[in-house]
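Chain letters run A, B, ... following the sequence lines, proteins first, then strands; residues in each count from 1. Keep in mind that the numbers below use all heavy atoms, side chains included, and drop hydrogens, waters and symmetry copies.
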Number of protein chains: 2
Amino acid sequence: MPRYKLTIEYDGAPFVGWQRQDNGPSIQGALEDAVFAFCGEHVAVHGAGRTDTGVHALGQVAHLDLAAEKPVDTVQAAVNFHLKPNPIVVTEAAIAPADFHARFSATARRYRYLILNRRAPPALDRGRVWHVPVPLDAATMAEAARLLIGRHDFNSFRSAACQAASPLKTLDQLDVARDGDLIRIDVGARSFLHNQVRILVGTLQLVGRGQWSKQDVADALAARDRTRAGPTAPPQGLCLMAVRYDLAAAKHADIAVDDDQQEE
Amino acid sequence: MPRYKLTIEYDGAPFVGWQRQDNGPSIQGALEDAVFAFCGEHVAVHGAGRTDTGVHALGQVAHLDLAAEKPVDTVQAAVNFHLKPNPIVVTEAAIAPADFHARFSATARRYRYLILNRRAPPALDRGRVWHVPVPLDAATMAEAARLLIGRHDFNSFRSAACQAASPLKTLDQLDVARDGDLIRIDVGARSFLHNQVRILVGTLQLVGRGQWSKQDVADALAARDRTRAGPTAPPQGLCLMAVRYDLAAAKHADIAVDDDQQEE
């Protein structure tokens, strides 16, 4: 029973999120339906990150098993054909080892959050950015962001609905950079708590407005209390850029610590 | 009668193009309607470039005259309010000199064309890129592009419908660069012939596929015959990035040469 690894791009706007749910169309559901339309098999498609309603992906990764081995190019083309007209495409398909798991084998995830920081709302990038009309000081946001890098108890930065057993996470990257009217926030970690990236962004944005100092961010982290951090930034600015796998490292015992992760 | 200069961003997909026409909604028409809704004046909004159906803009420029002077922030906010729900926004409004003309005072225009060069169609960038599934050699495209820089008779690179009296244009920039699956083509000139950028892209793409040599491109230019150049690339990959004005230079006699320009 061959296992396939798919890399997937989607526009999150019309979906309730990655995960199949009763209340509307999901990316997982659309993929499972497309696989069924292609080969008549009812499969489970397991994703690396359970992106929320409206969150986008350029490099989501998922795995599935098919009864019979088919060429990867056939799998990619057929699934893409049956995904139409959904804004979801498989950008790559590959054969994976039998013990590969898109979620549990992942060793790093990278998200990008885009803030459009200008008076006028977006036209061309509507649905892809968070529009913040008041001026944000990106340099100070970048300084505050550095306080959050590293291994911390991120209890202040996860939603009440987060099911992860432990709020301990290691944030490897939290870069804030301005490019004209756009502020780009690049975030990397092995795994994230539920809504963690969006709460980090919502908090840094308070610093950018001058409402919060860097010390306020340090205090929010230390408080380990969701009510002490900033608001959850809206989903449309968020995009899952890439998921990394390092199959040798994945077997290392330390990795099990975060296995209960619940993604953005 | 104060003159206003507006910088405008739009998603070209739902429009018949910049210019007001009988066969569907135009960006110019939406702007003129929004100005009327705001202040009750029937004005003409003059654009720097008459973008075609489906072509986008991040930095279109237009001018209009109002009977009474109003603060630029009021003009911007009110026009944006009345533009909703069109994917058009005024990103900047300024008072302009009485002899400023968005089209005729322009001293440089910059377009960007995006090709998504991978097997899978776009999901997140649907409607923003031209999908070319066969591999393109961007480095060779960049070399061929350099043959087209400078002042030439671009008769091979304009549509049959082009109304410009002269096919002589000076191409200042034609850069081709790959960034992952995206090929970015940046094009700059004082003004362009109708469909010039899209025919340049359609031609370079033949070089990228290996179907044309660099010499074929030189021959197409020398032929001064539209049937000798490549196809017109589709509109959705094209975006008007910026229009430059240099009011001192605009008064220079040499500039009149291209006054009959017809934009993309």
Residue pair P121(A) / N80(B), side-chain heavy-atom distance below 4.5 Å: yes
Atom pair OG1/CG of T91(B) and L116(A) - distance to nearest 0.5 Å: 10.0 Å
Part of D73(A) within contact of chain B (heavy atom distance under 4.5 Å): both
Under-4.0 Å salt bridge between R118(A) and E9(B): yes
R244(A) CZ: over 12 foreign heavy atoms closer than 6.0 Å: no
Which of G12(B), A77(B), A123(B) touches chain A most, by non-hydrogen pairs under 4.5 Å: A123(B)
Engaged part of V90(A) at the chain B interface, taking heavy atoms whose separation is under 4.5 Å: backbone
Top contributor to chain B contacts, counting heavy-atom pairs under 4.5 Å, from A120(A), A13(A), G127(A): A120(A)
Spacing of CG belonging to D125(B) relative to CG belonging to D11(A), to within rounding of 0.5 Å: 9.5 Å
Check: E92(A) main-chain N/O paired with R119(B) side-chain donor or acceptor under 3.5 Å: no
